[in-house]
Amino acid sequence: MFRLLAMLAAVAPAVLSVLIPGESCGWFAYTPLSETLPGPGALPTVVWTLGEWSAELLPVALALLALWLPRRFAVLGAALSAAVLVLGTLTVVIPYPTPCGPQRGEWLLLLCYAAALTACLLDRTDRRPRRPARRATGAAWTAALFIAVGLDLAATVPVSSAEDLGCYANLENTWALIQMHLFTAEAAGVWVGVAAIGAVLAPGPAALSAALVLLVPALYEPVAQLASSSAPSNCSGSLELINWSYVAAAALGVVGSLAP
């Protein structure tokens, strides 16, 4: 139970980043005038970069520990959570200058890391047998995790034109809004968190549910295109709208969840 609580706390920052609106300071921050403003120094850049990446990779690390090193989960998980908590605290102490003003760490996120640390420490009191996952389960969910991480990294790469976005449907109204939220969730690491939760729960029906959730970003665009009276797209067919990488991640999760 405590391993699941630790994972939910580690995934919470990604979910909160989607639910809580980002900072906005107007159009002037994107004008040439903003280029003359002082940028962040080396120390804020290093601290904030390490803080962001460590927070995003914490669920992956905890999931791998749960799959392959369950006996070390409490100690290593607590150490990793403590490191992320320290880096997050440094982002509060060391502001990151932007055209919108100094950007500061969020205290709510620090509470999530502290909760993950506490849950890892409490996991030591759990006296249930701790055995590594079977090879089929561990290998399947590990592969699903790395696919989700790769898609997360790809979503954070800047694009210079619409052609770099590849094949997509030109949705409108509510369908387009949901499409935007799903892309934001991908860039924030929400689907990585879903795969990590499934890895902690595997095997079993709860892990199977997490695997099936990964079909949402995989199948949303073709389903939305059909539901919105065949919205136009720049693809040669509806099958191209399917994100086959997420389909593969979901299939691997199903295999890992149903493995004997």
Side-chain angles (χ1 to χ4, degrees), residues 1-17 42-94 96 104-135 137-150 152-153 156 188-203 206-207 210 256:
M1 180 184 70
F2 291 116
R3 278 182 286 181
L4 177 59
L5 291 177
M7 180 59 68
L8 292 175
V11 173
V15 178
L16 290 174
S17 66
L43 180 60
T45 300
V46 171
V47 167
W48 279 77
T49 300
L50 290 177
E52 290 174 356
W53 279 109
S54 63
E56 195 155 337
L57 294 178
L58 179 61
V60 179
L62 294 180
L64 294 176
L65 288 175
L67 286 172
W68 302 107
L69 295 172
R71 294 185 180 91
R72 300 288 184 181
F73 181 88
V75 175
L76 296 179
L80 292 172
S81 300
V84 176
L85 178 60
V86 170
L87 289 171
T89 304
L90 288 177
T91 62
V92 176
V93 177
I94 303 174
Y96 188 89
R104 298 186 180 276
E106 297 290 344
W107 286 102
L108 185 58
L109 304 185
L110 298 184
L111 292 177
C112 296
Y113 308 142
L117 171 60
T118 303
C120 288
L121 293 175
L122 291 175
D123 186 62
R124 300 187 65 179
T125 64
D126 192 344
R127 301 302 180 185
R128 288 179 297 178
R130 301 170 183 272
R131 299 186 181 92
R134 293 181 179 271
R135 289 186 177 180
T137 299
W141 274 108
T142 299
L145 271 171
F146 281 107
I147 290 175
V149 170
D152 177 22
L153 294 176
T156 60
V190 171
W191 307 120
V192 175
V194 171
I197 291 173
V200 170
L201 295 172

statement: Rounding to 0.5 Å, atoms CG (Leu50) and CG (Leu90) come to a distance of 9.5 Å

task: Grab the two heavy atoms, one from Ala207 and one from Gly198, that are nearest each other, plus how far apart they are.
output: CB-O, 3.4 Å

query: Is any side-chain heavy atom of Leu58 less than 4.5 Å from a side-chain heavy atom of Pro13?
result: no

task: Take Leu87 and Val47 through the test side-chain contact (heavy atoms from CB on, under 4.5 Å) and record every step on the way to the result.
output: CA-CA 7 Å; Leu87 289 171; Val47 167; 5.6 Å; no

- line: Residues Ala202 and Thr137: closest non-hydrogen pair is CB-CG2, 3.8 Å

- request: Find the distance between CD (Glu56) and OG1 (Thr156) and round it off to the nearest 0.5 Å.
  value: 7.0 Å

message: Nearest 0.5 Å, please: how far is CD1 in Ile147 from OG1 in Thr142?
response: 11.0 Å

- line: Shortest non-hydrogen pair, Phe73 vs Ala66, comes out as CD1-N, 3.8 Å

message: Within this structure, what is the CG-CG distance for the pair Leu76 and Leu64, rounded to the nearest 0.5 Å?
response: 12.0 Å

- prompt: Is Leu85 close to Leu110 at the side-chain level, that is, under 4.5 Å between some pair of heavy atoms?
  reply: yes

- request: Could you tell me the separation between the CG atom of Leu43 and the CH2 atom of Trp48, rounded to the nearest 0.5 Å?
  value: 12.5 Å

Flag side-chain contact, heavy atom, 4.5 Å: Pro70 against Arg3: yes

task: Run through Leu8, Val192, Leu62 and flag the one making a side-chain contact (heavy atoms from CB on, under 4.5 Å) with Ile197.
output: Leu8

- request: Take Leu65 and Leu80 through the side-chain contact (heavy atoms from CB on, under 4.5 Å) test and state the conclusion after the steps.
  value: CA-CA 11 Å; Leu65 288 175; Leu80 292 172; 4.1 Å; yes

message: Thr125 vs Phe2, test: side-chain contact (heavy atoms from CB on, under 4.5 Å). Steps then yes/no.
response: CA-CA 9 Å; Thr125 64; Phe2 291 116; 3.8 Å; yes

task: Hey, could you give me the CZ/CG distance between Phe146 and Leu153, rounded to the nearest 0.5 Å?
output: 11.0 Å

